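As the structure is a prediction and not an experimental result, all values here were calculated from the model.
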Amino acid sequence: MKIRFSPLASMSERTQGVVRNIGMSVVARVVSILSTLLIVPLTIDYVNPTYYGIWMTFSSIIAWIGFFNFGLSNGFRNKFAEARAQGDDLLAREYLSTTYFALSVVVLGLYVVACLLNVFVDWAAFLHLDASYGEELGKVFFILSTFVCLNLVVNIFSTLLIADQLPGIAAIIMGMGQLASLIAIWLLTKFTEGSLTNLALYLAGTPVAVMLVAQLVAFRHSRYRRFAPGWRYVKPRLIRNIIVIGLKFFAINICLILVFHMTDLVITREVGPESTAQFNIAKRYFNIILMAMTIIITPFWSSFTEAYVKQDIAWMKNSLRRLEQLWMLSLAIGALMLLLSGWFYDIWIGDKLEVPFVLSLSTLAFIESQTLGNIYMHLVNGIGTIRLQTILYIIIALVAWPCMVYGGRQWGICGILLLPTAAYLIQAVAAKVQLGKLLNGTATGIWKQ
C-alpha cells in the first residue's frame, strides 16, 4: 500500500482553495506581467514618449468612468459570496441577474454623460497641450468611453468568479486579454502608422472582447449554467441589498479617483507629459510587486466573507499574520528591484526614456504602501465593515488636489507621490487596528460598521 503525501492535505478546505487559486493566478499573472512589460516599448515605438505620456494620462482619466458604478460590483461580490456560503444557489443566481440589469442601466446613463462631455470639453486645453491634439483626443475619448462602459458590464463575470472563490480562473481570462492586447499592438506596429486612435481601439477593445467570449462560453457550457442570468431572475427587491453596501464602496471609489487616479493628470499638467511617461515606466516595473501580492491577496476577500459568516476567527487571524509576513518579504524584493532598476530600464526601453533613480525610489515607496493598504482593505472589505475606511478616504480626498499640486511645484513628480503614499499608509494603520478589534471581538461603534 502506497502512502502519498500532499502538502494540501494538511490544510483546511478553505486554505486549499486559496492555494489552488494562487497557483492558477501565478501562471496567469506571469503572462500578464510579461505582456504588460512588452507592450510598453512597443507602444513607445509605435508613437513616441510624449504621445505615450498623453496616452497614459488620458487612459487614466477615462478609467474614472469605471468607478461610477455605485459600488454595484463590490456589493454583488459580497452578497453572492454570502448566498453561496449559505448554500442558496437560486438567491446567488438572482443576485447575478439583478446586478447585470442594474449595472447595465447605470452604464447606459454613464455613457450618455461621457458622450455629452466629449462634445463640450476641449481635451487639449484641459491637459495643457497644443491645440493640434484636440481632434484626435476627442476620437480617443469616444473609443475609450465605449469600451470602458462595456467592460463594466462584461466584467461582472470576473467578479462572479472571484466571489465564488475562483480568482485564478478570472486571472487566466484577464491574462488572455493582456496577451491578445500584446498581439494587437505588435500587429499595429507592423501594418499601421503611429496613431492614438488605433491604440485606443485595439488596446481597449481586445480585453473586453476576450472577457465577453469567456462568459458566453461559461454560461452555456460549464457549471455556471445554473447561474446564467435571465430576465425572470431579475429581482428589483435585491437591488437595495446590493446597493446598501455598494454605495459605501462607491464613496470609496470616488475618493480613490481624487486621491490616486489624479496622479497622472497632475503630473501632466504640472510637470509635463514626458514626465508622466517616466512615472508610468517606473510604476509598471515596480507594479510587479503589487501584481504578485494581488495574486495572493485577492482570494482572501471572499474567503474572509465566508469565514466571518461561519465565525472561523482562528483561520482569519492566521491568514492575516501570513499576509503581513509576505509584505515584509516584498520589501526585500523591492529593495533588490530598486538596485537593479537602472540596468532593467536599459534592457527594457533602452535610450527611449530616462527614469531618474529618485523617481524609482519614490515609486517603490508608493507601490509598497499601496500593497500594504490593499492587504488590510481586502480583508475589511470581505467582512463588509468599511465606514471607517470611507471616512478616512473622504478626508484625504478633500485635500488631495491642492497637496499634490503643491508637492509637484515644489519637488516635481516625487512631491506629487507623497500624498497617495501617505494616504495608503494611513489607511493601512487604521484598518490594521480595526481588524484586530473585529477578530478579537472588541469592535464597537464605527470600528464595527
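- Results of the side-chain contact (heavy atoms from CB on, under 4.5 Å) test with Tyr424 over Asn374, Val429, Leu372 single out Asn374 as the only residue that passes.
- Looking only at side-chain heavy atoms (C-beta outward), Pro356 and Leu359 come within less than 4.5 Å of each other.
- Minimum interatomic distance between Ile289 and Ser330 (heavy atoms only, all atoms of both residues): CG2-CB, 3.9 Å.
- The distance from atom CG of Leu326 to atom CZ of Arg321, rounded to the nearest 0.5 Å, is 12.0 Å.
- With a 6.0 Å radius and a threshold of 12 heavy atoms from other residues, nucleotides or ligands, Tyr406 has its OH atom at or below the threshold.
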### Message
Set out, in order, the CA-CA distance, both residues' side-chain angles and the distance that settles ring pair (Phe, Tyr, Trp, His ring centres under 6.0 Å) for Phe80 and Phe227, then state yes or no.
### Response
CA-CA 11 Å; Phe80 185 91; Phe227 297 117; 5.5 Å; yes
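- A donor-acceptor pair is defined here as one N or O able to donate and one able to accept, closer than 3.5 Å; no such pair exists between the side chain of Arg77 and the backbone of Ile162.
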### Message
Could you walk me through whether Ile156 and Phe76 satisfy the side chain to side chain contact (heavy atoms under 4.5 Å, CB included) test, starting with their C-alpha distance in whole Å, then the side-chain angles of each, then the deciding distance to 0.1 Å, before giving a yes or no?
### Response
CA-CA 9 Å; Ile156 295 173; Phe76 159 72; 4.2 Å; yes
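- Minimum heavy-atom separation, Tyr233 to Ser97: CB-OG, 3.3 Å.
- Ser73 places a side-chain heavy atom less than 4.5 Å from the side chain of Leu103.
- Val121 is not listed as a side-chain neighbour of Phe141, based on a closest heavy-atom distance of 4.5 Å or more.
- The heavy-atom pair separating Met211 from Ser158 by the smallest distance is CE-CB, 3.8 Å.
- At least one side-chain heavy atom of Ile416 sits under 4.5 Å from a side-chain heavy atom of Val271.
- Looking at Asn440, its side chain does come within 3.5 Å of a backbone N or O of Gly436 through a donor-acceptor pair.
- Applying side chain to side chain donor-acceptor pair (under 3.5 Å) to Tyr376 and the options Gln434, Glu324, Gln427, Gln389 leaves one that passes, Glu324.
- Distance check, rounded to the nearest 0.5 Å: CD1 of Ile242 to NZ of Lys235 gives 13.0 Å.
- One distance of note links CD1 of Ile143 with OH of Tyr202; it measures 10.0 Å at 0.5 Å rounding.
- Residue pairs meeting the salt bridge (Lys or Arg N to Asp or Glu O under 4.0 Å) criterion with at least one partner in residues 395-416, sequence neighbours excluded, are Glu270-Arg409.
- With contacts defined as side-chain heavy-atom distances shorter than 4.5 Å, the pair Met316/Phe304 qualifies.
- Contact of the Leu150 side chain with the Leu212 side chain is not registered, since no non-hydrogen atoms from C-beta on lie closer than 4.5 Å.
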### Message
Walk me through whether Asp312 and Lys317 qualify under salt bridge (charged side-chain N to carboxylate O under 4.0 Å, His left out).
### Response
CA-CA 9 Å; Asp312 192 350; Lys317 287 183 176 180; over 6 Å; no
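- A salt bridge does not link Asp88 to Arg93: none of the charged side-chain nitrogens sits closer than 4.0 Å to a carboxylate oxygen.
- Partners of Lys283 under the side chain to side chain contact (heavy atoms under 4.5 Å, CB included) rule, at least two apart in sequence or in another chain, are Asp264, Phe279, Asn280, Asn287, Thr363, Phe366, Ile367.
- Taking the side chain as every heavy atom from C-beta outward, Tyr308 and Leu438 approach each other to under 4.5 Å.
- Around the CE atom of Met176, the shell of radius 6.0 Å holds no more than 12 heavy atoms that belong to other residues, nucleotides or ligands.
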### Query
Do Thr385 and Arg387 pass the side chain to side chain contact (heavy atoms under 4.5 Å, CB included) test, and can you show the C-alpha distance, the side-chain angles, and the key distance before you say yes or no?
CA-CA 6 Å; Thr385 52; Arg387 179 171 292 185; over 6 Å; no
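- In this structure, the separation between CZ on Arg269 and CD1 on Ile267 is 13.5 Å, given to the nearest 0.5 Å.
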### Task
Could you go through the side chain to side chain contact (heavy atoms under 4.5 Å, CB included) check for Leu161 and Tyr224 one step at a time?
CA-CA 10 Å; Leu161 292 172; Tyr224 284 105; 3.7 Å; yes
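- Atom CG of Asp89 is separated from atom CZ of Arg84 by 5.0 Å, given to the nearest 0.5 angstrom.
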### Message
What verdict does the side-chain hydrogen bond (donor to acceptor under 3.5 Å, both in side chains) test give for Ser145 and Tyr111, after you've listed the backbone C-alpha separation in whole Å, the side-chain angles of each residue and the deciding distance to 0.1 Å?
### Response
CA-CA 7 Å; Ser145 298; Tyr111 188 60; over 6 Å; no
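- Within the 3.5 Å criterion, the main-chain N or O of Ala124 finds a donor-acceptor partner in the side chain of Asp122.
- Within the 3.5 Å criterion, the main-chain N or O of Glu368 finds a donor-acceptor partner in the side chain of Trp327.
- Here the side chains of Trp348 and Ile281 are in contact, with some heavy-atom distance below 4.5 Å.
- Interatomic distance, CG of Leu331 versus CG of Leu336, reported as 13.0 Å (0.5 Å rounding).
- In the displayed structure, Arg232 atom CZ is contacted under 6.0 Å by at most 12 heavy atoms of other residues, nucleotides or ligands.
- For Thr98 (side chain) and Pro236 (main-chain N/O), no donor-acceptor pair under 3.5 Å exists by modelled atom type.
- Annotation for Ile173 and Val210: closest pair O-CG1, 3.8 Å, computed over non-hydrogen atoms.
- A donor-acceptor distance shorter than 3.5 angstrom exists from the side chain of Asn381 to the backbone of Met377, with no hydrogens or angles considered.
- Scanning both residues, Tyr285 and Ser341, for their nearest heavy atoms gives CE2-CB, 3.7 Å.
- Across Ser181 and Thr206, no two heavy atoms sit closer than the pair N-CG2, 3.8 Å.
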#### Entry: Evaluation steps, side chain to side chain contact (heavy atoms under 4.5 Å, CB included), between Trp123 and Leu117
CA-CA 10 Å; Trp123 294 112; Leu117 191 64; 4.1 Å; yes
